[in-house]
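See below for the structure under consideration.
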Protein chains: 2
Amino acid sequence: MARTTPPRRRDTGRPRGQHVTDAVLEATLAELATAGLEGTRIERIAERAQVHKTTVYRRWPTREALIAAALEGLAVDTMANAPDTGSLRGDLIGLLRPVATFLGRAEGRAVARAALAAPAEPHVAELAARSLEGPAATAIEALVARARARGEWRGGAPVDLVLPTLVGALLHRTLLEHADTGAAWLEDVVDLVVSGVAPREHA
Amino acid sequence: MARTTPPRRRDTGRPRGQHVTDAVLEATLAELATAGLEGTRIERIAERAQVHKTTVYRRWPTREALIAAALEGLAVDTMANAPDTGSLRGDLIGLLRPVATFLGRAEGRAVARAALAAPAEPHVAELAARSLEGPAATAIEALVARARARGEWRGGAPVDLVLPTLVGALLHRTLLEHADTGAAWLEDVVDLVVSGVAPREHA
DNA sequence: GGCTCTTTGCAACGAACAGTTGCAATCACG
DNA sequence: CGTGATTGCAACTGTTCGTTGCAAAGAGCC
């Protein structure tokens, strides 16, 4: 069989301005943060980015694709590398502090909402799974291994409940209660979980 | 001051069919469950309910109002009355089991998503706060009081973290991980929190 | 500079959907 | 049976998504 349509090498002509891409993605996040997922209009994004509507459509096929692309640039480096602080409590706080900060910003909350609204936005759903759950899971594993070595972890305590519990609490607090997650609050939640997984110090 | 516009008593004429209201609200939930918050079209709702579009608009002023009304009929009796089972563990499971079941259905998840997408939908946000947080908070209070009396509750353990933690874990599990919350899973989460708030049994 | 092929701006357009309005038919209730 | 409402229907406005054709401009290469 012959190659079907060798994708037409096109190295000539005017290249696309990186400047445009950046401006549009940034404008998308801003729009998303103020207008919400449903309220985001790409015509307003174009206006904000000082760019014409058609230019936006020529780079991202649909509204959803644009939003997904914009979120991609944000969510990645949030839970990437958690520090080794020498205690389970410190490690968990170190892991969750960036998440709390992220959710403290309107753009961050918009991202979280978009991720939770997933079924309507498959791209976003996949993205959320990849960039949030992935790194977080590996971080948790390492962190628990260290805690085990220090004797801070009860044998039967389930590792895979730590993340849902803590991140879930953060989501509940920020998105449902609309309250902020200060340092004290975060420490309280972490303490709850830490003592939940600690070995019983029986007589 | 005189009464401004005594709202025009109108007891004559053909009354509105309760049947129509029911059908439309039910269709709205079904549509919401399959198409998501953004994808819900009131023309499709009307079609599903065997009713004309204008009839829908004559009863609910906007799409958002209709959705809020439909959710209202659902979310109320979920966390209403938690049983007194004689143990903190049992009480918490009794409280959360209905929530887990609720989130197990597509309509329930749609409701949760709508509540989390709140800022775009003020009615829905207010509704969620009222019908979810309200009853749950009172239930938790009573439940903790009983646990305290039984000595299952450590003095310093923060009461107001129990709900965010547990409900948050449920949300994380169902809406982000897209996994189901079986009985075993729920018990594990509750156990984590129960041992988190339990008094230290030191030597 | 000049050429080429592209991106960008612009205006106009079609389709889908929210929400409205006027009219005719229907129907519950007194 | 008559009254005054609800309901169905068709047509309409306005907004937004997404597309298309055309003209202008610009980046890289000779």
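Below, chains carry the letters A, B, ... as their sequence lines are ordered, and counting in each starts from 1.
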| side chain to side chain donor-acceptor pair (under 3.5 Å) partners of A/S87, counting only residues at least two apart | none
| message | Taking salt bridge (charged side-chain N to carboxylate O under 4.0 Å, His left out) as the criterion, tell me which of B/R154, B/R150, B/R148 meets it with B/E152. | response | B/R150
| task | Let me have DNA chain C in dot-bracket notation, would you? Count Watson-Crick plus G-U wobble pairs, both distances under 3.5 Å, and use [ ] for pairs crossing earlier ones and | for inter-strand partners. | result | ||||||||||||||||||||||||||||||
| task | Measure from CH2 on A/W60 to P on D/dC17 and round the result to the nearest Å. | result | 15 Å
| task | Determine whether B/L88 and B/V197 make a side-chain contact, defined as any pair of heavy atoms from C-beta on separated by less than 4.5 Å. | result | yes
| query | Rounded to whole angstrom units, what separation is found between the NE2 atom of B/H52 and the P atom of D/dA11? | reply | 11 Å
| Spacing of A/E38 atom CD relative to C/dC17 atom C1', expressed in whole Å | 13 Å
| task | Round to the nearest Å and state the distance from A/Y57 atom OH to C/dA11 atom P. | result | 18 Å
| Taking only N and O in the side chain of B/T55, is any of them less than 4.0 Å away from OP1 or OP2 of D/dG8? | yes
N/O-N/O pairs, protein side and nucleotides 12-16 of chain D side, under 3.5 Å:
none

| Considering only side-chain heavy atoms of A/T54, which listed nucleotide, C/dA11, D/dC9, D/dT6, is closest? | C/dA11
| task | Would you check if A/L171 and B/L176 make a side-chain contact, meaning some heavy-atom pair closer than 4.5 Å? | result | yes
| field | Ion pair check, A/E38 and B/R63, cut-off under 4.0 Å | value | yes
So which protein nitrogen or oxygen atoms get under 3.5 Å of nucleotides 22-30 of chain D's nitrogens or oxygens?
from: D/dG26; atom 1: N2; to: A/R14; atom 2: N; distance (Å): 3.3

| field | Under the side chain to side chain donor-acceptor pair (under 3.5 Å) test, residues paired with B/R58 that sit two or more places apart | value | none
| B/V194 versus B/R89, closest heavy-atom pair with distance | CG2-CA, 4.0 Å
| task | Starting from the 5' end of DNA chain C, give me the residue, A/V20 or B/P61, whose nearest nucleotide shows up first. | result | A/V20
| field | Protein-nucleotide distance (B/I67, atom CD1; C/dA18, atom C1'), rounded to Å | value | 12 Å
| Between B/T21 and B/R59, is any side-chain donor less than 3.5 angstrom from a side-chain acceptor? | yes
| Can you check the B/Q50 CD to D/dC9 C1' distance for me, whole Å? | 16 Å
| So do the side chains of A/W185 and A/L170 get within less than 4.5 Å of each other, counting heavy atoms only? | yes
| All side chain to side chain contact (heavy atoms under 4.5 Å, CB included) counterparts of A/A27, not counting sequence neighbours | A/I45, A/R48, A/A49
| Crowded around B/E47 CD? As in, over 12 foreign heavy atoms under 6.0 Å? | no
| Could you state the CD-P distance from B/Q18 to C/dA28, rounded to the nearest angstrom? | 15 Å
